[in-house]
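What follows is a short report on a single structure.
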Amino acid sequence: MDPNVQRALNDKLYDKRKVGALELERVIREHVASKDYNKVESILDQLCNEYAYAVHQPHARNGGLIGLAAAAIALGSELAKYLEVIVPPVLACFTDQDARVRYYACEAMYNIAKVAKGEILIYFNYIFDALCKLGADSELSVKNGAELLDRLIKDIVSESAATYVSVLEQPPDFDENDKDARDDRPELPTAFSLKRFIPLLRERIFALNPFTRTFLVGWIILLDSIPDLELVTFLPEFLGGLLRFLSDPNRDVHVATQGCLDKFLNEIKRIARVKKGIADSKKSKGDGKRKREDSIDSGSDRLAPEEGDEVDSATAQEDDDTSSEDDWVPGQDVQINYKAILEILTATLDSPLGTFASPTTRQRPLMKSVEEDGLLESLRWIVEFLDICPEEVLPFTPKILAHLLPAMASGVESIRQAAARVNTSLMDYVVSLSDEADLVTSQNSSRIPGSTVGDRQDGNASTRASLSSSREFELRSPTPVQGRPVARTPTPAPSAAQTQADLDYAAAVNSLTLLFLNDHEATRVAALTWLIMLHRKAPRKVLAFNDGTFPALLKTLSDPAEAVVTKDLQLLSQISRNSEDDYFSNFMVNLLQLFSTDRRLLETRGNLIIRQLCTSLSAERIYRTLADCIEKEEDLEFASIMVQNLNNNLITAPELAELRKRLRNLETKDGQTFFVALFRSWCYNAVATFSLCLLAQAYEQAYNLLQIFAELEMTVNILIQIDKLVQLLESPVFTYLRLQLLEPEKYPHLYKCLYGLLMLLPQSSAFAALKNRLNSVSSIGYLHIAPRPNATTPSASTFDRPNRLKGREEGIIRWNELLEKFRMVQERARRLQRVGVDADDTSLLGLSDLRIGDGAMEPKSGKEVAARPSPVPVKDSAPAQPAAKPRSGLGRQFGRLGGAVSGRGKRAQQ
């Protein structure tokens, strides 16, 4: 360069540098005109090395930048060959410490790009990276210069990015005006490449600066607006970062990002509609073509000219169809990676929902925004995807459920509503899939073992199919059934719907089971609702992959929320209804074991559980199975408590009204076998056994039980149960019994039973109530008293109801054996109680160390000594004396306790 130009470019004044740049521009134009390219290259080398790269000389760098810009303007159409020399030093100045150097670099790049136009796209990534940083510059002038440069680059990209090919890539002899040469040339790479740009965008998308985020969103919107680029195909590369932008406290960033995401979602929906329309069109055209072929075949007997005309018209129609298929529709060849997008959306759902799930939780506004906005947008996209491509969403169902159901209990109303919409849409789609019952042939339903008639009538087609299929799963029980044959149902061939999309039942059940531990009731109820639906659709798959679910379902019965327990019982009932007897028996065994280990559950939820099961399943089947299990129970105290609960429900539950009618009908064989099954297990509780006989109108047997009662020690627990029984006798359930008191000639033992109860009770409110009832009909009884005939057996009586206990003679119900069973069970309880008392050695616990409460002797030290029903010693130990002794001292104590329980103890306390 001329020395004068060098001094001018190195001057500290901008005006002098500008004069030098104009002179340099004139010189370079002359060299280009004379084609002295060597001189041009030497000037450019001098500008780069001695000026633009002079790091510690800011004035020289400024002069070099303006000189390079002037050189670019002078080169004009020849600039493309020298861009690799001019652009790098300008890019290096973007990171200079001096703000003026950065500003002049923006100015120089602006002038260079304005001349180069599409050729500058070769260096797009470098310019974009520099602008991304300059957009957040602390100097306002630099930011303004970067904004001007950004606008110019955007204009160039909008015009040329999709199609522009650098002149450096074109062959030397290429003629732009030659159409044939343009068609025959190979496909050349464009100057701008999305594949090269996306890695840089993926790196920058995690920026935190709001100006940088605004810059990125603006460029994403611009690139997406260029039709031929199809940025939506690369959406998974930066979608996660965009979702994070929604949490930015800057309102402008939030609004811009929301608009960008809306554009992408609308574009995806448009592409899906286009593809669906093309597919439907092809399908309809294929059907039309087949119809035309069929019509041609059917008309083969016509005349030859007619055949030719028909073939010609069909051929013409096919040509029209082919030409219409060749019409290109925007978006038809765009490939959307739904799987990658859904992975990002489900990962966004995986957020610490606990920070805002509770309405009482306080948190920072930023954290609230982070959770709400990102989660809401992800839920909105998932709902839309369930409409666009539900088969793509299905594999993500387990992961979606794991985070969706907790969101349904969020303290934020908008999140609850969005989660509910996703849950409804997802469940509707899963329900619409082919049921497992549709794949099982009807012949399997005819081989259903182990279900009662009532159960088989309750089930529909899918239930019957699942009954036969559920043999593959066997509930783990502490008392497994040995030697049970397992029938293997052959696996049917998958249908077209199954091959299209299938749900991972194992992962779904696992995710739902883990939600049983969630703190929110709504989440637990939703999880159980999903399990009920999944089991109804595919009982084999849910049970086969679900080894650990059943213990979790049993544990959920202890849930404090009644709605959760109800849903849990509904699921357990559904599983049991679709299973054979062995599975059902094991379920009852596990339920009893749970009640045995968790007495609080039995106390608080026992009645609800029993009644719900009886509503969903066959009540007789439940009571028969429980009775068989209780009869084998080793823990006599628990057996007594369990029988007491079952008996109370049997008497009072409206759900068991039909069962009570069946018990009162002992003339039938079914009623007799059912009564015997209950009686054998009811023997563990003396009062329950007595009330069972009253319910079955077996008054003579009840009276015989009272004779054994005399041998028992009347504990507080027994007296409380008798007190409750007297109250139940006044209930509508025993209306028939009270009316039978008007017919003493038919029911003489009924009077004996009730008077026997009166004799057992101490002076209490229950005693007074029963006495008043008997006094109101006592005169009728006296009027019908007749002399007893000579009888050889205690059971011979002319006042017996005809054939009421005919089984005693005929052997259908062996009443004496039942009495012996009752006596043996009570004797066994007495012996076990005596062994327990001897082991504890009452000498270690003085009388002052014991307290009486709730029917149990409890030491004050905390170790409980449960008072079980214990008969008095054998007959040679004078049973009458212990029975009469409590009437004076301890009897009054029992009376006061019994009166307190009944709530009417004034008379007993006197």
Exercise for the section: Taking the side chain as every heavy atom from C-beta outward, state whether Asp252 and Pro210 have any atom pair closer than 4.5 Å. Expected result: no
Problem - Side chain Ser281, main chain Ile278, donor-acceptor under 3.5 Å - result: no
Exercise for the section: Supply the atom-to-atom distance Ile221 CD1 to Cys260 SG, rounded to the nearest 0.5 angstrom. Expected result: 4.5 Å
Handout entry: Ser425 side chain to Val422 backbone, donor-acceptor under 3.5 Å
Key = no
Handout entry: Candidates Leu534, Ile532, Thr529 - the one meeting side chain to side chain contact (heavy atoms under 4.5 Å, CB included) with Leu571
Key = Ile532
Exercise for the section: List the steps and the verdict of side-chain contact (heavy atoms from CB on, under 4.5 Å) for Leu405 and Asn423. Expected result: CA-CA 8 Å; Leu405 301 188; Asn423 184 62; 3.6 Å; yes
Exercise for the section: Begin with the C-alpha distance, continue with both residues' side-chain angles, and end with the deciding distance and a verdict on side-chain contact (heavy atoms from CB on, under 4.5 Å) for Ile344 and Leu235. Expected result: CA-CA 10 Å; Ile344 295 171; Leu235 180 59; over 6 Å; no
Exercise for the section: Starting at CG of Leu503, measure out to OG1 of Thr397 and round the result to the nearest 0.5 Å. Expected result: 5.0 Å
Completion exercise
The single option from Val383, Leu345, Leu342, Leu239 that satisfies side chain to side chain contact (heavy atoms under 4.5 Å, CB included) with Ser378 is Leu345
Practice task
For Lys399 and Glu343, indicate whether the former's side chain and the latter's backbone hold a donor-acceptor pair under 3.5 Å.
Solution key: no
Problem - Minimal non-hydrogen separation, Ala419 against Met408, with atom names - result: CB-CG, 3.7 Å
Practice task
May I have the step-by-step check of side-chain contact (heavy atoms from CB on, under 4.5 Å) for Phe264 and Trp381, ending in yes or no?
Solution key: CA-CA 10 Å; Phe264 276 119; Trp381 277 59; 4.0 Å; yes
Problem - From CG (Asn209) to CG (Asp137), nearest 0.5 Å - result: 10.5 Å
Practice task
May I ask you to test the Ile205-Phe245 pair for a side-chain heavy-atom distance under 4.5 Å?
Solution key: yes
Handout entry: Cationic N near anionic O, under 4.0 Å, Arg524 to Glu521
Key = no
Practice task
Check the surroundings of atom CD in Glu78: do more than 12 heavy atoms from other residues, nucleotides or ligands lie under 6.0 Å from it?
Solution key: yes
Problem - Tyr53 OH: over 12 foreign heavy atoms closer than 6.0 Å - result: yes
Handout entry: Side-chain donor/acceptor of Arg102 to backbone N/O of Leu134, under 3.5 Å
Key = no
Handout entry: Residue pair Gln335 / Glu230, side-chain donor-acceptor N/O under 3.5 Å
Key = no
Fill in the blank from the handout: Nearest heavy-atom approach of Ala407 to Leu375 is CB-CD2, 4.4 Å
Handout entry: Greater than 12 external heavy atoms within 6.0 Å of Lys117's NZ
Key = no
Handout entry: Donor-acceptor under 3.5 Å (Asn125 side chain, Arg196 main chain)
Key = yes
Fill in the blank from the handout: Between the CG atom in Leu379 and the CG atom in Leu349, the distance rounded to the nearest 0.5 Å is 5.5 Å
Practice task
With rounding to the nearest 0.5 Å, note down the distance linking CZ in Arg270 to CD1 in Ile388.
Solution key: 12.0 Å
Handout entry: Derivation and outcome, ring-ring contact (aromatic ring centres under 6.0 Å, His included), residues Tyr104 and Tyr14
Key = CA-CA 10 Å; Tyr104 290 128; Tyr14 174 76; 5.8 Å; yes
Exercise for the section: Please tell me if the side chains of Leu528 and Phe516 come closer than 4.5 Å, counting only heavy atoms from C-beta onward. Expected result: yes
Exercise for the section: Could you check if a side-chain atom of Leu246 sits within less than 4.5 angstrom of a side-chain atom of Leu261, using non-hydrogen atoms only? Expected result: yes
Problem - Steps toward ring-ring contact (aromatic ring centres under 6.0 Å, His included) verdict (Phe197, Trp219) - result: CA-CA 12 Å; Phe197 169 68; Trp219 268 103; 7.3 Å; no
Problem - cation_pi(Arg204, Phe128) dist<6.0 Å, angle<=45 - result: no
Practice task
Examine distances only and state if a side-chain atom of Arg213 and a backbone atom of Val253 form a donor-acceptor pair shorter than 3.5 Å.
Solution key: no
Exercise for the section: Using a 4.5 Å cut-off on heavy atoms from C-beta on, say whether the side chain of Tyr338 contacts that of Val393. Expected result: no
Practice task
Considering only NZ, NE, NH1 and NH2 on the basic side and carboxylate oxygens on the acidic side, decide whether Asp262 and Arg380 come within less than 4.0 Å.
Solution key: yes
Problem - Within 6.0 Å of CD in Gln97, more than 12 heavy atoms from elsewhere - result: no
Handout entry: Nearest-0.5 Å distance, CG of residue Leu68 to OH of residue Tyr82
Key = 14.0 Å
Handout entry: Ion pair Lys154/Asp150, N-O distance below 4.0 Å
Key = yes
Exercise for the section: Could you walk me through whether Phe215 and Cys132 pass side-chain contact (heavy atoms from CB on, under 4.5 Å), step by step? Expected result: CA-CA 7 Å; Phe215 170 82; Cys132 189; 3.8 Å; yes
Problem - Sidechain N-carboxylate O distance under 4.0 Å for Asp96, Arg61 - result: yes
Handout entry: Minimum heavy-atom distance Ala116-Leu83, with the two atoms named
Key = CB-CD1, 4.1 Å
Practice task
For the residue pair Leu265 and Phe385, establish whether any side-chain heavy-atom pair is separated by less than 4.5 Å.
Solution key: yes
Problem - Stacked cation flag Lys143 on Phe211, 6.0 angstrom / 45 deg - result: yes
Problem - Residues, nucleotides or ligands: over 12 heavy atoms within 6.0 Å of Tyr51 OH - result: yes
Handout entry: Side-chain heavy-atom pair Thr163, Thr190 within 4.5 angstrom cut-off
Key = no
Fill in the blank from the handout: In short, Leu394 meets Pro398 closest at the heavy-atom pair O-CD, 4.3 Å
Fill in the blank from the handout: In short, Ile112 meets Ala69 closest at the heavy-atom pair CG1-CA, 4.3 Å
Problem - Expected output: side-chain Thr212 to main-chain Ala136 donor-acceptor under 3.5 Å - result: no
Problem - Side chains of Tyr164 and Glu119, donor plus acceptor under 3.5 Å - result: yes
Practice task
For His254 and Asn250, indicate whether the former's side chain and the latter's backbone hold a donor-acceptor pair under 3.5 Å.
Solution key: no
Exercise for the section: Measure the shortest side-chain to side-chain distance between Lys275 and Ile271 over non-hydrogen atoms and say whether it is less than 4.5 angstrom. Expected result: yes
Problem - Heavy-atom pair with the smallest gap, counting every atom of Ala561 and Asp559 - result: N-OD1, 2.8 Å
